[in-house]
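Only this structure's heavy atoms are used, side chains among them; waters, hydrogens and symmetry mates stay out. Protein chains get the first letters and strands the later ones, always in sequence-line order, with residue 1 at the start of each.
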Number of protein chains: 2
Amino acid sequence: MDELVPRDFETLRATILDRRETLPKRIAQIAAYALDNPDDIAFGTAASIAASAGVQPSTLIRFAQQLGFDGFTSLQQVFRERLRERNSSYDERLQALRAKADAGAGHRAIFDGFVAAASTSLNDISRTLDEAHLEDAIALLAKADTIYVLAKRRSYPVASYIAYALGKLKIRNQLIESAAGLNAEMVAFATPADAVIAISFSPYAPATIEEARIISEQGVPIVAITDSSFSPLAQFAKVWFEVAEADFAGFRSLSATMALAMALTVGVGEKRRSAGKKRKA
Amino acid sequence: MDELVPRDFETLRATILDRRETLPKRIAQIAAYALDNPDDIAFGTAASIAASAGVQPSTLIRFAQQLGFDGFTSLQQVFRERLRERNSSYDERLQALRAKADAGAGHRAIFDGFVAAASTSLNDISRTLDEAHLEDAIALLAKADTIYVLAKRRSYPVASYIAYALGKLKIRNQLIESAAGLNAEMVAFATPADAVIAISFSPYAPATIEEARIISEQGVPIVAITDSSFSPLAQFAKVWFEVAEADFAGFRSLSATMALAMALTVGVGEKRRSAGKKRKA
DNA sequence: GGGAATATGAAATAATAATTCCAATCCATA
DNA sequence: TATGGATTGGAATTATTATTTCATATTCCC
């Protein structure tokens, strides 16, 4: 043995590419197949992989041995490890990144942390979103005259994006902003024929809660996006979604909330378009 | 057989959680282990998994059979398929989802589309972000008296989040909003001792470009987040980032931009904190 | 073109892993 | 507390899969 055995996928890949020219035909064939279909190597049996690649199982083993492994099985470990890595819970990565950032490991670590927090949140909501709630919420919003959008502080960016998207889709909407202190008046215009999208996470902005309470007492149905069933928003809402956003460096991600918000918005647009002919006539 | 066999991981997971209460002790033990360590199930052998979970291999097989599989092997397929899925390029998934949404496959497909678009964008920026630019941008912003934040329309939510985060971090900042039409005056206050974060994507909001031009002519350094080197913002900027956001149903994701924006913001906070003693004294 | 070294195919063999079976144990119920 | 049914442990069996072997083919020098 004149060499170290590649223990991780990237090294292995580099080694293979490096020797590509010098490999015998069939071995090169399996080498190419391995780089093109790493998942198959990870999961398949020697026989099945060999068949897919159009070689004999023994060739596959020779390939592994040529790379310094003692057999196909240990080569396969590297491919499996790769999947594990790639897949290793974002939560763990996030944990590691938080530690790294705390230790002052540069700004790239901070950036990676935010990316990981966003990814975690997206994974999470993807798993937990209740489809029936989504349908209910869209149905409710689609028949509203005006959609009011209510969110402050940290959640405000989501509200402003919803308002932008609704505008683009030509859906009448009103963002309840606090700039001029006219919120109470704005809220007073809402009727049961309208609807509200309200967004708030712990610690809940008091103004959001208060306005949600008032508006629900006027009989206006509310779709809420919040973070737990104990949220005061949940009790005012006709339909509510629980969204758990991962946080990093003290700032929670908005990615999951954004995705849900956009799905609601575009969903409403779709629903109106397909139901439009009847009503608008 | 009184039931359908779960063919995908999510269904399987739901089935397991559903029956958790009614399962015999050892079976419940392996069930919990399976949900906690899905990767181990995907790659391990019946014997190794059983050992890790503290049960007999036969129990593992009974577990599988109880769920309707005909053995451990077919149960394992589901866990392997999950890894394959998770790992299969988000781009391909996005493609499929777009088609599905176009075909009117319900609102869940729309939601999945936005999640996939966000994930794709995050993956992408994670790969392509230039670390040196990040350092430069943070250095530039950290020494600014006031950070001006400039973005309209689609990018406005990002700007508002930046402003919120800067405020939280006690960093003086000014969001250039258009509400009262006083932008020109606001912009006129900026000096070369300040800095700007400007965000704009094609089709570039004319107001953003115009204000960026004016402010750069006043000698105020600009950090830009935009989508190509041809962007008019890029030419006014001292440092600029290229961010490619995937789009779905006509709306581009903001997740990558958000992650970058947060990294800049928190990065500036960090830098100020570590340099603070010198300057503030 | 001849011959040695190398590469390949196919089947035999060895290893490993899944499954089955049965005795022992646990648990609920009368 | 006895009894039947369900559950569990552990070894025996069966199936599957990796590896080895050897005969055959190919390639590369001289």
**Q.** Interatomic distance where CD1 belongs to B:Ile27 and P belongs to D:dA6 [whole Å]
**A.** 14 Å
Q: Grab the CD-P distance between B:Gln66 and D:dT8 for me, whole Å please.
A: 9 Å
Q) Is there a side-chain polar atom (N or O) of B:Gln56 under 4.0 Å from OP1 or OP2 of D:dG10? A) yes
Q. Is any side-chain nitrogen or oxygen of A:Ser58 closer than 4.0 Å to OP1 or OP2 of D:dT21?
A. no
Q: For the side chain of B:Pro24, starting at C-beta, report the closest nucleotide among C:dA18, D:dT19, D:dT7.
A: D:dT7
Q | Gap between atoms CZ and P, on B:Arg62 and C:dC26 respectively (whole Å) | A | 15 Å
**Q.** Atom pair distance, as rounded to whole Å: CZ in B:Phe43 and C1' in C:dA18
**A.** 19 Å
Q: Please state how far atom CD in B:Gln76 lies from atom P in D:dT16, giving the value in whole angstrom units.
A: 15 Å
Q) Starting at the 5' end of DNA chain C, which residue's closest nucleotide do you reach first, B:Pro57 or B:Lys25? A) B:Pro57
(Q) Of the listed nucleotides (C:dT19, D:dT20, C:dA17), which one gets closest to any side-chain atom of B:Thr45? (A) C:dA17
Q) Taking CD from A:Gln77 and P from D:dT17, how many angstroms apart are they, rounded to a whole number? A) 16 Å
Q: May I have the distance from B:Leu60 (atom CG) to C:dT20 (atom P), rounded to whole angstrom?
A: 13 Å
Q. Using 30° and 60° as the class limits, which term best fits the ring planes of A:Phe43 and B:Phe43: parallel, tilted or perpendicular?
A. parallel
Q) Is the count of non-hydrogen atoms from other residues, nucleotides or ligands lying under 6.0 Å from B:Arg20 atom CZ greater than 12? A) no
Q. Please give, in whole Å, the distance from C:dT19 P to B:Phe69 CZ?
A. 12 Å
**Q.** Expected output: side-chain B:Arg252 to main-chain B:Asp247 donor-acceptor under 3.5 Å
**A.** no
Q.
Under 4.0 Å from OP1 or OP2 of D:dT20: is there any side-chain N or O of A:Gln65 that close?
A. yes
Q | Within-4.5 Å side-chain heavy-atom neighbours: A:Arg84 and B:Asp40 | A | yes
Q. Looking only at side-chain N and O atoms, does B:Thr59 come under 4.0 Å of OP1 or OP2 in D:dG9?
A. yes
**Q.** Test item: side-chain donor near acceptor, A:Gln29 and A:Arg26, under 3.5 Å
**A.** yes
Q | Candidate nucleotides C:dA18, D:dT19, C:dG9, ranked by approach to the side chain of A:Arg26 - the nearest | A | C:dG9
